[in-house]
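Ligands are counted one by one from 1 in listed order, and the atoms in each one are counted from 1 as well.
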Amino acid sequence: MALEPTVDRISTTLETVFQRSYAVAAPDLRRLYENAKRDQWNVSRDIDWTAEVDLERGIFADELIDGHGTQTLNRLDPKTFQQLNVEFSSWRLSQLLHGEEGAMLACAQLVDMVPGNDAKFFVATQVVDEARHAEVLSRYLLEKCGGMIYPMNGNVKMIFDYILGHGKWFVKTVGLQLLAETFAVSLFRMLMETAKDPLLREICRRILADESRHMGFSVLSLPDEIRGLNSADMRELEDFVREALVLLLSGQFPREAYERVGMNAADIDTVYHARKEIARGSDYAYFRKLFRREMHSTVVTNMKKVGLLNDRTTAFMRDMGIDTNLASAA
Ligand SMILES: [Fe+2]
Ligand SMILES: [Fe+2]
């Protein structure tokens with residue numbers, strides 16, 4: 001596999017708001033900040049790094065591997081299939097890891113950009129949270145899964161290039177805390193419930209406890225801002241939501257993982273196409289269906305809460321196959 005660059009430089013212009021009003025102005029954000037301080041955890045101390053990960057058993061549930069149940073994968077000898085499980089899991093976890101790193105960078109920008117001090121205090125804690133998530137996932141991959149960290153997938157890169165390069169804080173917050181984190185949370189929850197490796201399930205449980213605060217930030221900070229947007233800004237934000245949802249929902253295919261276990265291009269293509277068929281109906285897609293349903297309902301619910309569910313966004317979400325009636329009671 002060709003060596004991929006491991007550094008990107010993204011130019012951005014941002015406005016630092018050095019505000020000096022220290023009285024509590026947003027008690028709900030202060031409460032979130034208090035929760036963040038109370039619930040800190042330590043990757044070195046709170047994760048049992050002495051636990052053995054049984055790579056011969058596999059990491060993710062086999063059913064989550066694209067092409068599971070197809071002739072092409074059934075033909076693999078058991079040892080190759082087990083290697084594929086490890087590579088496939090490492091590929092997906094690598095994308096989550098790059099997302100955590102990107103989230104840390106975006107939150108560091110948000111500390112400067114958000115207008116109020118209560119919001120600044122909170123996003124300062126999120127910088128540490130995301131550093132911890134990048135720390136725990138990278139340690140898991142490097143120390144427990146054979147050390148392979150796969151390059152960042154095109155979709156993940158596009159969404160973070162946009163989030164990190166954009167000059168408005170509310171666009172970053174919609175991109176990160178409202179959309180990308182909803183996607184990540186649905187994935188972590190599925191892994192927490194289904195992964196074969198107990199250490200990974202525990203890591204996911206720990207990460208999820210932090211992520212609920214991060215989504216909470218978007219729901220608390222965005223409604224006033226979005227209500228005050230002029231129509232041009234609102235349209236730009238809606239366009240961004242559409243683009244980001246397309247990137248998040250179109251899925252990622254871990255081609256490099258199949259290549260690494262020695263599968264040929266024709267077989268990989270067969271898996272790639274089978275994946276789309278499988279997603280449409282059969283039993284193998286059970287986890288995926290749960291994941292989609294949860295992800296869709298959370299996105300719709302949060303968009304409603306922040307004031308982004310309107311005729312235009314409802315129309316394009318329906319076109320993407322998102323059931324916009326899924327919003328739970330806000
Ligand atoms: Fe995170
Ligand atoms: Fe997060």
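- Tested against E34 for a side chain to side chain donor-acceptor pair (under 3.5 Å), the candidates R38, K37, R31, R30 yield a single pass: K37.
- Applying the ring pair (Phe, Tyr, Trp, His ring centres under 6.0 Å) definition to pairs two or more places apart or across chains, those involving residues 188-218 are F122-F217.
- Annotation: cation-pi geometry not satisfied between R92 and F60 (NZ/CZ under 6.0 angstrom from ring centroid, within 45° of ring axis).
- The distance between the ring centers of Y258 and Y272 does not fall below 6.0 angstrom.
- Within a radius of less than 2.8 Å around the Fe ion (ligand 1), the protein N, O or S atoms are E100 OE1, E130 OE1, H133 ND1, E211 OE2.
- Under a 4.0 Å N-O distance rule, the pair R205/E202 qualifies as a salt bridge.
- Across all their heavy atoms, C107 and L176 have their closest contact at SG-CD2, 3.7 Å.
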